Number of protein chains: 2
Amino acid sequence: MAIEHAILVSLAERSASGYDLARRFDASIGHFWKASHQQIYKVLGRMEGDGWVASEVVAQDGRPDKKVYAITLAGREELALWTSRPTPAEHLRSEFAVKIRALPFGDPAAIVQDVHARRSAHLDRLAYYEQSAAKHYPRPDQLDDAEIGGWLVLRGGLLAEQAGIAWCDEILQRLTASEATER
Amino acid sequence: MAIEHAILVSLAERSASGYDLARRFDASIGHFWKASHQQIYKVLGRMEGDGWVASEVVAQDGRPDKKVYAITLAGREELALWTSRPTPAEHLRSEFAVKIRALPFGDPAAIVQDVHARRSAHLDRLAYYEQSAAKHYPRPDQLDDAEIGGWLVLRGGLLAEQAGIAWCDEILQRLTASEATER
DNA sequence: CCTTGTCATGCAATTAGTTGCATAGTAGAT
DNA sequence: ATCTACTATGCAACTAATTGCATGACAAGG
């Protein structure tokens, strides 16, 4: 019970087709909640049955028809109700952390490579967030109510990426230090 | 294909029953990979079929028998092989972030409460990590190879919790500031 | 002309994970 | 006496999510 709410938020911000949503879940919202297009289409169907969203087929020229979904009043009510319920504790699921813990039983050189790859992925996302912040929120000290949520989520992403980079640096420092000693 | 590896790491560190593993997945390893006992028992059965682990029934007095699992040679090989494969990009799934983004469509007071709750959960885990670090790694500048993985994962947890607290503080600052203005 | 990429929607099969239930003995508290 | 909590293992039913496949039109590059 959560992808529904991510979709509701996205549709509350702006109506969209399943395809549009899939792209949003590849980018902005997708940095905090991933979903494949198959999953989105399936859940949209269920949500329409529940009356949370309504669809309208829109013909396009030079492109296939699309089904544009909009949030309904019932959908908005559900969304508000959801925000009023406490968020259940979320549990990380970090394969990377498990792999770091597996250091004594594995291939240190390969793991170091992995850390480098992860570090550069963090850097990429950090750059993306910074660009996104500069573009969409040029005046963070003067945000209106509609913008505050998006801004704060971006800030969270930024802080998380910075922490991730710091962790990678610490790992690399440890691992390359011991490597140097071994020689 | 990942809970298997978390179990393999845990068993490589020390043999254990399903029950023991479930408790580990409630604490140490569980901070980075959660698993219920039902799932653990199911996966252990499959892993035994694959020859990655072997079990032995141990009778106890005053307590039910237990099935102690140990990692096999094949299991160690699989574990090493896994560390040599690159880790697929992991995607967060933060219901909390979605809820923050839902701020303009929801109940701000309830969300503020949620942020407070999350902040104190972060503080609790931070305290746990700090205690754990002091207890198990009193000399972080003199770690041997077997300890390095556990230490680095703890460090990652610490950094993540600190970043989480900083985020909560930023959110609360924003939200309580706007609340003050409204009056 | 042919390939690759984008737009657009979806089904089917499988795997992963959650929820609920069942059993059974011991220990400690009320 | 009774209730709660801990140790210990597991099945069954369900829901969520992934993987693989299918279709079809248009646009751009080689």
Side-chain angles (χ1 to χ4, degrees), chain A residues 1-8 10-11 15-27 29-30 32-50 53-69 88-95 98, chain B residues 1-8 11 15-27 29-30 32-50 53-69 87-95 98:
Chain A
M1 278 288 150
I3 212 214
E4 282 87 344
H5 298 107
I7 289 176
L8 283 179
S10 202
L11 290 181
S15 295
S17 68
Y19 187 83
D20 294 333
L21 283 170
R23 278 187 310 174
R24 289 186 199 168
F25 277 84
D26 266 351
I29 318 242
F32 310 97
W33 200 284
K34 289 273 177 217
S36 63
H37 76 228
Q38 292 91 336
Q39 203 189 345
I40 289 166
Y41 284 122
K42 205 191 290 175
V43 172
L44 276 174
R46 189 164 69 216
M47 288 169 77
E48 191 164 25
D50 290 342
V53 298
S55 68
E56 195 192 352
V57 177
V58 176
Q60 303 179 106
D61 54 314
R63 286 179 186 183
D65 293 0
K66 62 178 175 179
K67 242 161 116 180
V68 176
Y69 288 88
E90 47 194 54
H91 34 98
L92 314 187
R93 197 150 266 217
S94 172
E95 187 168 339
V98 175
Chain B
M1 276 287 152
I3 212 215
E4 282 88 343
H5 298 107
I7 289 175
L8 284 178
L11 290 180
S15 295
S17 67
Y19 188 83
D20 294 333
L21 283 171
R23 277 187 309 174
R24 288 185 200 169
F25 276 84
D26 266 351
I29 319 242
F32 310 97
W33 200 284
K34 289 273 174 215
S36 62
H37 76 259
Q38 291 92 335
Q39 202 189 348
I40 289 167
Y41 285 121
K42 204 193 291 177
V43 172
L44 275 173
R46 188 165 68 217
M47 289 170 76
E48 190 164 25
D50 291 341
V53 299
S55 67
E56 193 191 354
V57 176
V58 176
Q60 302 179 106
D61 52 316
R63 286 180 190 184
D65 292 1
K66 63 178 176 179
K67 242 161 116 180
V68 176
Y69 288 89
T87 308
E90 45 194 54
H91 34 98
L92 314 186
R93 201 150 260 217
S94 172
E95 188 170 334
V98 175

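A note on names: the letters A, B, ... follow the listed sequences, proteins ahead of strands, and every chain is numbered from 1. Quantities reported herein were computed from a predicted structural model and do not represent experimental measurements.
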In whole angstrom, what separates [X]'s [atom1] from [N]'s [atom2]?
X: A:Gln60; N: C:dT6; atom1: CD; atom2: P; answer: 17 Å
X: A:Asp61; N: D:dA27; atom1: CG; atom2: C1'; answer: 14 Å
X: A:Arg46; N: C:dG10; atom1: CZ; atom2: P; answer: 15 Å
X: B:Ile40; N: C:dG17; atom1: CD1; atom2: P; answer: 12 Å
X: B:Glu4; N: C:dG17; atom1: CD; atom2: C1'; answer: 12 Å
X: B:Asp20; N: D:dA8; atom1: CG; atom2: C1'; answer: 10 Å
X: A:Ile3; N: C:dA16; atom1: CD1; atom2: P; answer: 19 Å
X: A:Lys66; N: D:dG24; atom1: NZ; atom2: C1'; answer: 18 Å

I want to check one thing: is the phosphate of [N], taken as OP1 and OP2, less than 4.0 Å away from some side-chain N or O of [X]?
X: B:Arg63; N: C:dA24; result: no
X: A:Gln39; N: D:dA16; result: no
X: A:Arg23; N: C:dC7; result: yes
X: B:Tyr19; N: D:dT9; result: no
X: B:Ser17; N: D:dT7; result: no
X: B:Tyr41; N: D:dG10; result: no

_Residue whose nearest DNA chain D nucleotide is more 5′ - B:Asp65 or A:His37_ = B:Asp65
Does the side chain of [X] reach to within under 4.5 Å of the side chain of [Y], using non-hydrogen atoms?
X: A:Leu8; Y: A:His5; value: yes
X: A:Arg93; Y: B:Glu90; value: no
X: A:Trp33; Y: B:Glu95; value: yes
X: A:Ile29; Y: A:Leu21; value: no

*Map A:Pro64 and B:Pro64 onto DNA chain C by nearest heavy atom, then report which one ends up closer to the 5' terminus.*
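Per heavy-atom nearest nucleotide, the more 5' residue is A:Pro64.
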*With nearest nucleotides of DNA chain C determined for A:Arg93 and A:Lys67 from heavy-atom distances, which residue corresponds to the more 5′ nucleotide?*
A:Lys67
_So for B:Gln38 and C:dG20, does any side-chain atom that can act as donor or acceptor lie under 3.5 Å from a complementary atom in the base?_
yes
*asked:* Looking at B:Ser17, is its backbone amide N or carbonyl O close enough to the side chain of B:Asp20 to form a donor-acceptor pair, meaning the two atoms are under 3.5 Å apart?
replied: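 Checking the backbone N and O of B:Ser17 against the side chain of B:Asp20, a donor-acceptor pair under 3.5 Å is found.
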